[in-house]
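See structure below.
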Amino acid sequence: MVLASRLWRFLPSGRVAVPGPRLRTGAAGGRGKCVPQRFGGIEVTGNPGAFRRSLIFSALSYLGFETYQLLSSAAVVHATAKVFRVEEVLQQADYLYESGETEKLYQLLTQYKESEDAELLWRLARASRDMAQLSGTSEEERKALVYEALEYAKRALEKNEASFAAHKWYAICISDVGDYEGIKSKIANAYVIKEHFEKAIELNPKDATSIHLMGVWCYTFAEMPWYQRRIANMLFAAPPSSTYEEALGYFQRAEQVDPNFYSKNLLLLGKTYLKLHNKKLAAFWLLKAKDYPAHTEEDKKVIYRQKLLNCLQVSLARIENFSEKKENT
């Protein structure tokens with residue numbers, strides 16, 4: 001309707017052109033003389049048919065230009081609305097994550113599992129993994145969620161290789177999948193995992209979680225049992241290895257970037273100091289882990305694990321004291 005009204009204003013007013021006076025025929029040859037014609041108040045000399053065709057062509061060109069403008073505007077509005085919609089979903093997702101609403105978060109994000117937005121996809125990978133960690137999740141469901149999380153993380157990385165979070169969650173998900181694919185696959189994937197954690201830290205040096213996870217990688221290979229180390233030596237010319245000192249450096253760095261950001265970082269600081277025989281600092285960080293407020297299912301597991309560790313330490317201390325007293329008597 002808008003286009004039609006604009007076109008109508010563009011055309012001359014009136015429906016019928018009023019012919020001008022007829023030219024007398026004679027020896028002068030009236031056909032060669034231009035007779036003025038009037039079109040809606042406009043006097044035209046020359047060929048009226050040509051003028052009419054030119055006028056209609058100009059009107060149609062104008063109509064095409066107006067159509068292009070309206071379609072372009074509609075496309076911009078649609079794209080802008082889509083961006084706003086993604087931003088709204090991301091805000092909702094982050095709020096649910098911070099609130100510990102794992103199931104609601106998963107339900108929200110799975111509505112957009114066909115999305116091509118890397119920010120949505122890595123959050124969906126995280127939500128799928130968190131669902132797998134819930135105590136009420138069966139082993140069969142857990143396995144399916146772990147592989148599902150890896151697929152979302154892989155797609156996020158494909159969509160945006162400059163996303164530190166995509167690199168981080170891809171590495172986490174590969175590590176989780178390794179639990180189902182045997183020791184050989186787990187060790188082989190260790191190089192890939194390390195590469196993506198290092199890339200995540202490079203892209204965002206202020207992300208404490210990526211730094212912490214690099215520390216976990218070092219701690220895991222520093223603590224590797226002798227039989228796994230032997231298998232690694234048989235399978236790989238240069239198997240992955242690390243030290244407790246390297247692990248401690250990453251855990252400390254993560255804590256400097258974001259103090260008290262994660263219960264497990266506190267726990268592993270304590271455990272690493274124990275491995276390095278520094279009981280005083282070990283006790284300091286283990287007590288902080290025990291008193292950490294539980295926000296997630298993982299926090300609860302960490303605190304429970306720490307309480308068990310404390311009970312064990314108390315029991316060992318009592319046994320040592322009892323032995324010393326017995327020897328003295």
Side-chain angles (χ1 to χ4, degrees), residues 121-122 125-126 128-130 132-133 139 142-158 160-205 207-255 257 262 264-265 267-276 298 301-302 305:
L121 290 168
W122 74 252
R126 180 181 65 181
S128 301
R129 182 180 185 271
D130 287 347
Q133 300 293 323
E139 186 55 38
R142 183 179 185 277
K143 183 177 179 180
L145 285 164
V146 163
Y147 278 92
E148 183 181 315
L150 177 60
E151 184 59 31
Y152 294 137
K154 183 180 178 182
R155 284 174 53 204
L157 195 57
E158 289 170 352
N160 185 6
E161 289 189 356
S163 168
F164 82 93
H167 282 280
K168 175 172 70 178
W169 286 100
Y170 182 61
I172 292 170
C173 293
I174 289 177
S175 179
D176 288 344
V177 165
D179 293 338
Y180 297 99
E181 299 190 347
I183 186 65
K184 182 178 179 180
S185 176
K186 198 172 182 69
I187 294 172
N189 286 336
Y191 294 103
V192 179
I193 292 166
K194 183 182 182 183
E195 178 187 337
H196 285 284
F197 282 148
E198 288 175 336
K199 187 64 177 178
I201 294 170
E202 178 189 328
L203 290 168
N204 185 2
D207 181 53
T209 309
S210 298
I211 300 168
H212 161 81
L213 290 167
M214 194 62 241
V216 173
W217 189 95
C218 294
Y219 187 93
T220 300
F221 285 100
E223 195 184 38
M224 180 183 283
W226 66 268
Y227 65 90
Q228 290 186 2
R229 198 177 300 279
R230 180 172 292 181
I231 293 171
N233 288 328
M234 291 170 61
L235 294 174
F236 304 97
S241 62
S242 188
T243 64
Y244 292 118
E245 286 81 5
E246 284 185 285
L248 181 63
Y250 282 110
F251 296 142
Q252 288 174 330
R253 182 178 164 188
E255 203 61 29
V257 168
Y262 187 28
K264 197 169 182 180
N265 198 63
L267 176 65
L268 286 172
L269 272 165
K271 290 179 71 174
T272 307
Y273 274 116
L274 275 178
K275 295 289 186 180
L276 295 172
E298 189 174 17
K301 290 178 182 178
V302 166
R305 194 181 307 150

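Atom CG of residue Asn204 and atom NZ of residue Lys168 lie 8.0 Å apart, to the nearest 0.5 angstrom. To the nearest 0.5 angstrom, Glu255 atom CD is 11.0 Å from Leu268 atom CG. A distance of 8.5 Å separates CG in Asp207 from CD1 in Ile201, rounded to the nearest 0.5 Å. Summarising the geometry, atom CG belonging to Leu213 is positioned 14.0 Å from atom NE2 belonging to His196; distances are rounded to the nearest 0.5 Å. Note: Trp169 CH2 to Asp176 CG = 8.5 Å, rounded to the nearest 0.5 Å. Interatomic distance, CG of Leu248 versus CD of Gln252, reported as 4.0 Å (0.5 Å rounding).
Between Lys186 and Glu181, every side-chain heavy-atom pair lies at or beyond the 4.5 Å cut-off. Two residues are said to be in side-chain contact when any heavy atoms from C-beta on lie closer than 4.5 Å; Lys199 and Leu157 fail this criterion. A 4.5 Å side-chain heavy-atom check between Ile231 and Lys184 finds every atom pair outside the cut-off. Annotation: side chain of Pro240 is in contact with side chain of Ile187 (closest heavy-atom distance under 4.5 Å). Contact of the Arg155 side chain with the Tyr152 side chain is registered, since non-hydrogen atoms from C-beta on lie closer than 4.5 Å.
Between Trp217 and Ala190, the closest heavy-atom pair is NE1-O, 3.1 Å. Taking all atoms of both residues into account, the shortest heavy-atom contact from Leu203 to Ala162 is CD1-O, 3.7 Å. For Arg129 against Ala149, the heavy-atom pair with the smallest separation is N-CB, 4.0 Å. Here the shortest heavy-atom pairing between Ser128 and Leu145 reads O-CB, 3.7 Å. The minimum heavy-atom distance linking Ala125 with Ala153 is given by the pair CB-N, 3.7 Å. When all heavy atoms of Pro205 and Val257 are compared, the pair lying nearest together is O-CG2, 4.1 Å.
In this structure, a donor-acceptor pair under 3.5 Å is absent between the side chains of Asn160 and Ser163.
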Determine whether Lys275 and Glu223 satisfy the following criterion, side chain to side chain contact (heavy atoms under 4.5 Å, CB included), listing intermediate values before the conclusion.
CA-CA 9 Å; Lys275 295 289 186 180; Glu223 195 184 38; 3.6 Å; yes

Show your working on side chain to side chain contact (heavy atoms under 4.5 Å, CB included) between Phe197 and Ile211 and close with a plain yes or no.
CA-CA 8 Å; Phe197 282 148; Ile211 300 168; over 6 Å; no

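By the side-chain hydrogen bond (donor to acceptor under 3.5 Å, both in side chains) test, Tyr180 pairs with Glu139, Arg142, sequence neighbours left out. In this view, Thr220 satisfies the side-chain hydrogen bond (donor to acceptor under 3.5 Å, both in side chains) rule with no residue, not counting sequence neighbours.
A centroid separation of 6.0 Å or more is found between the aromatic rings of His212 and Tyr250.
Side chain of Arg229 to main chain of Phe221: a donor-acceptor pair is present (N/O by atom type, distance under 3.5 Å, no hydrogens or angles).
Sparse packing is recorded around CD of Glu161, with 12 or fewer heavy atoms of other residues, nucleotides or ligands lying under 6.0 Å away.
A tilted orientation is assigned to the rings of Phe251 and Tyr219, their planes being inclined by 30° to 60°.
Electrostatic pairing of Glu151 and Lys154 does not count as a salt bridge here, judged by no charged N lying under 4.0 Å from a carboxylate O.
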